[in-house]
Amino acid sequence: MKIDSLLKEISIKQIEGKKNPDINNIQFDSRKITENDLFVAIKGTQSDGHDYIETAIENGARCIVCETLPDKCHKDVTYILVDNSSEALGLLSSAFFGYPSSKMVLVGVTGTNGKTTIATLLYQMFRKFGHKSGLLSTVCNYVNDRKSEATHTTPDPIELNRLLKEMVDEGCEYAFMEVSSHAIEQRRIAGLQFDGGIFTNLTRDHIDYHKTFENYLNAKKKFFDNLPAEAFALTNIDDKNGSVMLQNTKARKHTYSIREMADFKTKIMENSFEGMSLDINGIEVQVPFIGKFNAQNLTAVYGATVLLGKSKMETIINLSALTPVSGRFEYLRSPKGWTAIVDYAHTPDALNNVIGTINQIQNGKGELITVVGCGGNRDKGKRPMMAKEAVNGSEKCIFTSDNPRDENPEDILKDMTAGLDNEDMGKVLVISDRKEAIKTACMLAHKNDVILVAGKGHEDYQIIKGEKTHFDDKETILRFFY
């Protein structure tokens with residue numbers, strides 16, 4: 001493929017060296033370069049791809065996209081100078097794979113909590129309508145009914161466009177994807193053509209990366225700012241930042257809510273551990289989902305489906321047949337009479353929502369025992385906030401390891417307990433071994449009690465000292481069910 005055919009949408013400052021070479025592939029990792037590949041030098045948070053240009057050339061790269069020309073340029077290599085290599089990588093990847101997003105209806109979901117549920121349920125919904133569809137999510141990627149492991153909430157641009165091309169090749173008409181703040185900021189979605197965007201909510205998360213909440217907010221807002229006029233922008237106005245997302249968008253503006261007047265409005269009629277009865281825009285429906293946050297998620301799914309042209313009644317019928325996402329308020333009933341709930345809640349707001357939902361349904365019938373930890377090498381500021389949310393809403397708490405990564409688990413646990421007073425600590429056990437923490441919770445539980453195991457949800461691994469080993473919260477709970 002001639003490089004010139006990929007450069008139509010890229011703002012180029014300068015081209016040096018050989019004109020219009022053939023390239024076989026695109027890479028941003030110099031270790032993956034083979035003969036006649038294009039290497040895009042990205043300035044990352046951990047390393048700078050410009051330091052590996054010479055290595056890429058030694059491995060066979062014959063075309064380099066960069067923000068700064070190297071001191072030494074090879075005559076038989078093409079150097080393309082751009083303002084932003086990350087954005088160029090997205091645009092190049094889209095062009096290299098034949099602009100796959102333009103050949104499907106693509107909807108992106110962004111926000112702090114609820115992205116996985118909404119994207120996955122939209123995928124389920126359109127499959128129930130009989131459409132071949134794709135999903136890009138934190139839990140799993142699907143090309144119609146073929147699944148593949150997800151390593152990031154939003155893949156890198158090359159993998160992202162490769163997956164979208166696979167969807168096109170297999171006849172998918174729709175694709176639904178989570179859009180993380182990292183992906184927006186790092187331009188991973190550059191070159192994609194979105195037909196709709198959904199905003200869930202915004203609470204403290206990823207401050208280790210974005211540095212301030214305002215930067216985090218602006219990253220999410222950029223997604224809506226860049227939607228085309230033909231797309232829809234659907235926002236949750238129960239969140240104070242929901243209207244902010246619509247301020248500068250050219251897309252068609254729509255709202256959803258469980259509290260305010262909105263285009264798509266839901267009332268919770270009944271709520272139990274078995275499910276909810278909802279009234280959505282005047283139509284009642286029974287769903288196997290639990291809690292206000294899921295009522296919001298389902299309202300977004302309903303709204304997006306209607307905005308994509310489906311009839312209201314058919315959408316309601318399909319909505320009632322959707323199934324909860326793995327590790328999202330997943331409900332297990334022990335033969336001993338207590339209940340366990342596994343949830344991905346890993347932010348203070350998400351933990352508050354889950355605990356509040358459990359207590360509302362429990363209504364004093366039993367105690368809540370919360371098992372929770374915080375991830376290593378991530379935002380340290382939310383650790384005492386997570387601990388306080390757990391203590392405030394639970395009768396007993398067990399603080400334990402989540403994914404410590406390269407940090408000492410004991411240091412993370414000290415950060416969690418740092419803001420708690422003696423009365424708070426009277427509710428708390430600290431057990432760094434997650435298996436032992438879950439086992440202890442199961443031993444403490446009595447009839448009508450609820451054990452919440454929060455933070456990891458669908459994850460079937462734990463990362464300790466950089467090593468990834470198998471660990472599944474649900475699987476661990478089931479060992480101590482009897």
Side-chain angles (χ1 to χ4, degrees), residues 101 103-109 114-137 140 142-147 167-168 170-178 194-200 227 230-238 251-258 261-271 274-326 328:
S101 64
K103 297 170 183 175
M104 293 182 294
V105 173
L106 178 64
V107 175
V109 187
K115 297 187 298 294
T116 300
T117 295
I118 291 172
T120 304
L121 296 184
L122 280 167
Y123 163 78
Q124 284 186 30
M125 173 73 77
F126 279 79
R127 294 265 291 163
K128 288 186 182 300
F129 271 112
H131 297 289
K132 290 185 176 181
S133 301
L135 173 68
L136 295 162
S137 82
C140 194
Y142 280 90
V143 178
N144 203 29
D145 56 359
R146 177 166 55 84
K147 69 186 286 190
M167 292 175 193
V168 171
E170 295 202 18
C172 292
E173 302 166 77
Y174 294 85
F176 305 97
M177 66 177 286
E178 294 184 51
F194 286 93
D195 296 278
I198 301 168
F199 172 72
T200 63
L227 286 176
E230 304 77 33
F232 70 79
L234 177 61
T235 194
N236 176 14
I237 56 167
D238 290 340
R252 295 177 284 119
K253 301 175 183 180
H254 297 274
T255 58
Y256 70 95
S257 172
I258 64 169
M261 290 299 295
D263 298 317
F264 304 102
K265 171 72 182 288
T266 292
K267 293 178 186 176
I268 300 174
M269 312 301 285
E270 292 180 25
N271 191 10
E274 283 72 43
M276 290 184 289
S277 175
L278 304 176
D279 179 303
I280 303 179
N281 280 14
I283 308 171
E284 195 163 326
V285 60
Q286 298 285 335
V287 295
F289 293 83
I290 307 163
K292 289 180 181 178
F293 54 93
N294 270 323
Q296 287 180 323
N297 293 337
L298 290 164
T299 309
V301 171
Y302 172 82
T305 305
V306 171
L307 290 172
L308 289 171
K310 298 303 182 183
S311 80
K312 295 174 183 177
M313 281 310 302
E314 280 187 286
T315 300
I316 287 288
I317 291 166
N318 284 341
L319 200 72
S320 68
L322 300 179
T323 55
V325 180
S326 173
R328 268 53 175 186

Rounded at 0.5 Å granularity, tell me how far [atom1] in [X] sits from [atom2] in [Y].
| X | Y | atom1 | atom2 | answer |
| --- | --- | --- | --- | --- |
| Met167 | Met177 | CE | CE | 9.0 Å |
| Thr266 | Lys292 | OG1 | NZ | 13.5 Å |
| Ile258 | Lys267 | CD1 | NZ | 12.5 Å |
| Glu270 | Glu284 | CD | CD | 7.5 Å |
| Phe232 | Leu308 | CZ | CG | 4.5 Å |
| Leu319 | Ile280 | CG | CD1 | 5.0 Å |

Give me the ring orientation class for Phe264 and Tyr302: parallel if the planes are under 30° apart, tilted from 30 to 60°, perpendicular past 60°.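 The rings of Phe264 and Tyr302 stand perpendicular, inter-plane angle above 60°.
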Between Tyr174 and Phe176, what is the ring plane arrangement, given parallel below 30°, perpendicular above 60°, and tilted in between?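 Plane angle under 30°, so parallel.
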What pair of heavy atoms forms the shortest contact from [X] to [Y], and how long is it?
| X | Y | answer |
| --- | --- | --- |
| Leu227 | Phe194 | CD2-CB, 3.7 Å |
| Met104 | Val168 | CG-CG2, 3.9 Å |
| Ala231 | Gly196 | CB-N, 4.0 Å |
| Leu322 | Pro288 | O-CG, 3.3 Å |
| Leu278 | Ala295 | CD2-CB, 4.1 Å |
| Glu170 | Arg146 | OE2-NH2, 2.7 Å |

[X] versus [Y]: any side-chain heavy-atom pair under 4.5 Å?
| X | Y | answer |
| --- | --- | --- |
| Asn236 | Thr200 | no |
| Lys312 | Asn281 | no |
| Phe129 | Thr305 | yes |
| Phe289 | Leu121 | yes |

Check for a donor-acceptor pair, side chain of Gln124 on one end and backbone N or O of Thr323 on the other, with a separation under 3.5 Å.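 Yes, the answer is positive, given that a donor and an acceptor are paired below the 3.5 Å cut-off.
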In terms of side-chain heavy atoms, does Asp238 have a donor or acceptor partner in Ser257 at a distance below 3.5 Å?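 Checked: Asp238/Ser257 side chains pair up, N/O donor to acceptor below 3.5 Å.
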Side chain to side chain donor-acceptor pair (under 3.5 Å) with Arg328: which of Asn294, Thr117, Asn297, Thr116?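 Per the side chain to side chain donor-acceptor pair (under 3.5 Å) rule, the option paired with Arg328 is Thr116, out of Asn294, Thr117, Asn297, Thr116.
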Against Arg127, only a single residue in Asn318, Asp145, Asn144 fulfils side chain to side chain donor-acceptor pair (under 3.5 Å); can you say which?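 Checked Asn318, Asp145, Asn144 against Arg127; only one passes side chain to side chain donor-acceptor pair (under 3.5 Å): Asn144.
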Start with the C-alpha distance between Met125 and Thr315, add both sets of side-chain angles, then the distance that settles side-chain contact (heavy atoms from CB on, under 4.5 Å), and finish with yes or no. CA-CA 8 Å; Met125 173 73 77; Thr315 300; 3.8 Å; yes
